[in-house]
Each structure stands twice: as structure tokens, then as C-alpha cells.
There are 2 protein chains.
Amino acid sequence: MAYITDTDALGNAIKAERRRQNITQVELAALSGVGVRFLRELEKGKPGCQIGRAISVMSALGIKLDVITRES
Amino acid sequence: MAYITDTDALGNAIKAERRRQNITQVELAALSGVGVRFLRELEKGKPGCQIGRAISVMSALGIKLDVITRES
DNA sequence: CCATATTAATCCCGAGAGGGATTATTTTAT
DNA sequence: ATAAAATAATCCCTCTCGGGATTAATATGG
């Protein structure tokens with residue numbers, strides 16, 4: 001899967017994984033402890049979404065984030 | 001480098017990379033197009049930081065983000 | 001040890017996030 | 001094609017983010 005260079009890519013990745021797991025937005029929102037509306041905006045790539053909540057969602061999905069520097 | 005599981009880890013990774021490149025917060029903020037205060041809060045792991053700006057900072061640093069799912 | 005640069009912590013304020021609920025639109029399945 | 005489920009788009013509201021500026025604390029070096 002490609003690198004995340006913007007919020008659209010992040011939203012798409014989250015949405016794809018959610019659908020792969022056959023979970024609805026309502027269910028994932030509940031699992032993550034965020035509002036459904038937040039999850040929708042996150043999946044749509046809204047840049048203003050808060051990082052902490054986004055990480056909660058990814059954790060609930062079992063997604064891991066890797067930071068790659070030139071030296072890593 | 002370790003996976004990012006919370007905002008503290010993300011902030012630390014960003015700070016470490018900035019220092020490795022010998023850039024000050026003021027310089028990086030200018031390069032990224034964000035305010036210095038935002039950058040400070042980001043590096044300190046404030047969960048409320050906005051994703052879009054965070055990605056701008058990472059782009060300015062040349063950091064790439066990879067989303068890792070069980071299927072990837 | 002003192003001067004300077006870098007980082008951190010406030011203050012005020014406007015702009016926007018995010019929650020819940022409702023309604024509309026789209027998608028999926030039968 | 002129609003019914004049901006899922007997603008999207010509003011509305012109102014409160015709360016906090018984020019910017020700039022200033023002041024304090026910490027780190028770096030001469």
C-alpha cells in the first residue's frame with residue numbers, strides 16, 4: 001500500500017480497512033470511542049480532524065502507523 | 001523505528017527528525033506553513049492537533065507515513 | 001559563569017471542530 | 001424494481017484549537 005502523503009490518502013486507507021473488516025461506520029465509531037460524524041469526516045479526508053481521535057480509530061481497526069525517515 | 005501508537009510517539013518522532021536535521025522549531029514551522037505554537041504542541045504529543053497540519057510538517061521534514069494493516 | 005539562542009508557557013480572541021439528532025441520498029441485497 | 005441498510009449532509013450548540021505576541025525557563029557556547 002502506498003505512503004500517506006495527505007489526509008485523503010489516510011481517510012481512504014481507513015475506509016478501505018473498515019470495509020475489509022465488514023464494519024459499519026456506526027460500529028467503528030462506537031468501538032473507537034469517537035462520534036460517527038468524526039469518523040465520516042476522517043474517512044473523507046478532512047484535514048482538521050484531530051490526531052488523537054484518528055489514532056483511536058486506527059487502533060480499533062488494528063492499523064499500525066509507521067514513520068519512515070531517511071535514516072530509518 | 002517503532003510504530004506510532006499514540007500522539008506522544010508521533011511528536012517524539014517528529015522532534016527527533018527535526019533535531020537530526022538541525023532545524024529549529026521556528027524554521028520548521030515556517031517551512032511547513034504552520035505556526036510555531038502548533039509545532040510545539042505537535043512535538044509534545046497534544047492529541048488535539050490537526051492531521052492536515054501534522055502531515056504538512058512531516059512532508060517538510062521528508063518523513064513518510066505508512067499505514068500497515070494485517071493484510072498489507 | 002555569563003550571554004545568547006532555543007524552547008516552553010502564558011494571554012486574548014476568532015475560527016472551526018465535533019457531538020447528537022434529523023433528513024436526504026446512495027448502496028446493497030432480495 | 002423495491003425495500004432495507006448504510007452513508008452523507010445538514011442544523012444548533014459548546015468547547016477548544018491555533019495564531020501572534022510576550023514573558024519565562026532551559027539549553028548551548030564562548
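Numbers restart at 1 for each chain; the letters A, B, ... are given by sequence-line order, proteins then strands. Keep in mind that this is a model prediction, so the values were computed, not measured.
For the pair Arg19(B) and Arg19(A), nearest-nucleotide mapping onto DNA chain D gives the more 5' position to Arg19(A). Closest-nucleotide positions on DNA chain C for Val26(B) and Gly48(B) were compared, and the one nearer the 5' end corresponds to Val26(B).
When the side-chain nitrogen and oxygen atoms of Arg53(A) are compared with OP1 and OP2 of dG19(C), one or more of them lie within a distance under 4.0 Å. Under 4.0 angstrom from either OP1 or OP2 of dA8(C) there lies at least one side-chain N or O belonging to Lys15(B). Residue Gln25(A) places no side-chain N or O under 4.0 Å from the OP1 or OP2 atom of dA5(D). Between Arg18(A) and dT7(D), a side-chain N or O to OP1/OP2 separation shorter than 4.0 Å is present. Neither OP1 nor OP2 of dT7(C) sits under 4.0 Å from any side-chain N or O of Lys44(B).
Near DNA chain D, meaning a heavy atom under 4.0 Å from it, residues 33-41 of chain A has Arg37(A), Arg40(A) in order of number.
Within 4.0 Å of Gln50(A), counting heavy atoms only, lie sugar-phosphate atoms of the nucleic acid but no base atom.
The two atoms that bring Phe38(A) and Arg53(A) nearest to each other are CZ-CB, 3.3 Å, heavy atoms only. Across every non-hydrogen atom of Leu61(B) and Arg18(B), the tightest pair is CD2-CA, 3.9 Å.
Residue Thr24(B) places its side chain closer to dT7(C) than to any other of dG18(D), dA6(D), dT7(C).
Between the side chains of Gln25(B) and Glu43(B), a donor-acceptor pair is found at a separation under 3.5 Å.
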